[in-house]
There are 2 protein chains.
Amino acid sequence: MNTQLIDVDSSQVTSCTHDFQVNCSNCRLSSICLPFSLEATEIDELDRIVQRSKPLQKGQHLYRESDVFESVFAVRSGTIKAYRTTDDGREQVTGFYFPGEILGMDGISNNAHASSAKALETASVCEIPFNSLEKLSASMPQLQRHFFQIMSREITEDQQLITLLSKSSADERVAALLLSVSTRNSRRQLSATQFRLSMSRVDIGNYLGLTVETVSRVFSRLQKLDVLAVENKEIEILDIDALRKIADAQ
Amino acid sequence: MNTQLIDVDSSQVTSCTHDFQVNCSNCRLSSICLPFSLEATEIDELDRIVQRSKPLQKGQHLYRESDVFESVFAVRSGTIKAYRTTDDGREQVTGFYFPGEILGMDGISNNAHASSAKALETASVCEIPFNSLEKLSASMPQLQRHFFQIMSREITEDQQLITLLSKSSADERVAALLLSVSTRNSRRQLSATQFRLSMSRVDIGNYLGLTVETVSRVFSRLQKLDVLAVENKEIEILDIDALRKIADAQ
DNA sequence: CGTCATGTTGAATGATCTCAAGTGCGGTGG
DNA sequence: CCACCGCACTTGAGATCATTCAACATGACG
């Protein structure tokens, strides 16, 4: 009896999950992830090489440092944290990847991943085998250009982080991260002022080159200044102009 | 009379300069700059799109932030400094480029350079128009792969710098820079232990996220420890193992 | 209800920055 | 040839900001 009920339930669940046929042309993230300039037939070709098999549990790895590099990945849902481990065992978070964003490109140069990637919450990704992507790119100039651009953007963003880490105060760093999350959220039609930070304070500190305590103090300070309303991981930006001022200050 | 002398001199000089026909196949930097895997005929094809017209004086710009992106550049001689200017006018050095190394790829994503590039001393570069490079890449899988790899390496190196800036002490940062210069020198068959730093202390400090004074103090300290011999810009690494230890410490 | 992980807050320490003065070298002009 | 100037670099002393260490709070979970 019970078994039957469960069976019925699970079949219902299956039909209700997001497991329906997703492809690049109907993916609502394609405007972030894909070049606008591809033709429908080209998108179909790309679609054929993309593998959508990998749902990740919180804490599960997408790949690890020095794994053989085979694919790049596009985030479909959830958040992925990329980090490297230094020789002496310290961890350095190098980026957070949100839906529509692409990661894994640091593995191309040595054919081995230069960082590890881990799900901060349940996440799904599209796997794009790099060999196929290369071949396809050779025959699709727009796709080739798109990947050059995506890699170039990664460089640009890393350089922004370098600038941040090189000069800025704790307040500026935290403010800049929040603004980055904010703009990336609005790109996905989500609220630019209210969101849940999927990463821990430790991860934030690590990413920004600060200790947990300092991050926590900055949140408290910005809350006291009525710039933020902080409730654990839930963040509301109350005064985004003030936040911008803090991020750019000095 | 005088004029004649000068004429004679200048013609002699001309015949003695490095202005002889340089091309990719006879360039002694090709092992760094070029993919090994290209065939002779392919190298010739690449050679045809490379422009070698630009000798730069010290302080002269190769390109400036927000210039239209048209080409990437390979350094042939001298050192190029890349830097960005933040909204509030501060400068951030994002990299130093030595002979054989390629810069300018951060301009691809927005079709505008994301940084400025300036010669730290007299320098010559090869200009590689990106449009031609793209076209050529489409028909030469090895070249396409090579450029993906070069960009990937840029990402990897930026991430190393991020790690450095995020955690390390002043000693570690300076040691790491010196080791980086050292290995890049030996890649070019130059001494790994004795070299001239073409960049100023200000630039070093800026790159490493330190003040000039701190950089200077670190040099003094490492000299006192007999790890380095410093004479202005001339550096000798006396104890490279100790330097490595300092770079990795903690 | 207790345990563990995560986050917050406080007080003291310490590394780097800031400010200020001084050194040394290359170039210029007398 | 020497004196002077400017610039890059060095050195010192005090101030500042993030870290460290420690205690405490909160929340998830068995």
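Naming convention: chains lettered A, B, ... in sequence-line order (proteins, then strands); numbering from 1 in each chain. All figures in this text were calculated on a predicted structure; none of them were measured in a lab.
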When the rotation axes relating C1' atoms of four end pairs to the next four are compared across the helix from C:dC1-D:dG30 to C:dG30-D:dC1, five pairs an end, they differ to 10° by 30°
For D:dT19, take OP1 and OP2 only and decide whether either is under 4.0 Å from a side-chain N or O of A:T211. yes
Once side chain to side chain donor-acceptor pair (under 3.5 Å) is applied, what residue pairs with a partner in residues 95-107 of chain B remain, sequence neighbours excluded? B:Y97-B:E154, B:E101-B:R184, B:D106-B:S115
B:R90 CZ to C:dC17 P, in whole Å, measures 13 Å
Checking side chain to side chain contact (heavy atoms under 4.5 Å, CB included) against B:T163, which of A:E91, A:R90, A:Q92 comes through? A:Q92
What is the separation between atom CD on B:E231 and atom P on C:dT23, rounded to the nearest whole Å? 18 Å
Over 60° means perpendicular and under 30° means parallel, so tell me whether A:H113 and A:F69 are parallel, tilted or perpendicular. perpendicular
Could you encode protein contacts along nucleotides 6-12 of chain D as a string, one character per nucleotide from 5' to 3', using B for base contact, S for sugar-phosphate-only contact and - for no contact, with a heavy-atom cut-off of under 4.0 Å? ---SBBB
Using distance alone, with no hydrogens and no angle criterion, decide if B:Q223 and B:S220 have a side-chain donor and acceptor under 3.5 Å apart. no
With a 4.0 Å cut-off on heavy atoms, is B:G205 in touch with a base, just the backbone sugar-phosphate, or nothing at all? nothing
Side chain to side chain contact (heavy atoms under 4.5 Å, CB included), paired with A:R173, selected from A:T214, A:I204, A:V218, A:L164: A:L164
Over how many whole Å does the gap from B:K58 atom NZ to C:dG27 atom C1' extend? 13 Å
Partner residues of A:R188 under the side chain to side chain contact (heavy atoms under 4.5 Å, CB included) criterion, sequence neighbours left out: A:L29, A:I32, A:F98, A:P99, A:N185, A:L190
Which whole-number value in Å describes the distance from B:L210 CG to C:dT18 P? 11 Å
Grab the NZ-C1' distance between A:K224 and C:dT9 for me, whole Å please. 10 Å
Going by side chain to side chain contact (heavy atoms under 4.5 Å, CB included), name the residues that satisfy it together with B:R217, two or more places apart in sequence or in a different chain. B:E213, B:R221
Between C:dT8 (P) and A:I204 (CD1): distance, integer Å: 9 Å
B:D171 atom CG is separated from C:dA15 atom C1', nearest whole Å, by 10 Å
What's the shortest heavy-atom distance between A:S198 and A:T79, and which atoms? OG-OG1, 2.8 Å
Report the distance from atom CD of B:E172 to atom P of C:dA15, rounded to the nearest whole Å. 12 Å
The criterion is salt bridge (Lys or Arg N to Asp or Glu O under 4.0 Å); which residues satisfy it with B:E127, sequence neighbours excluded? B:K54
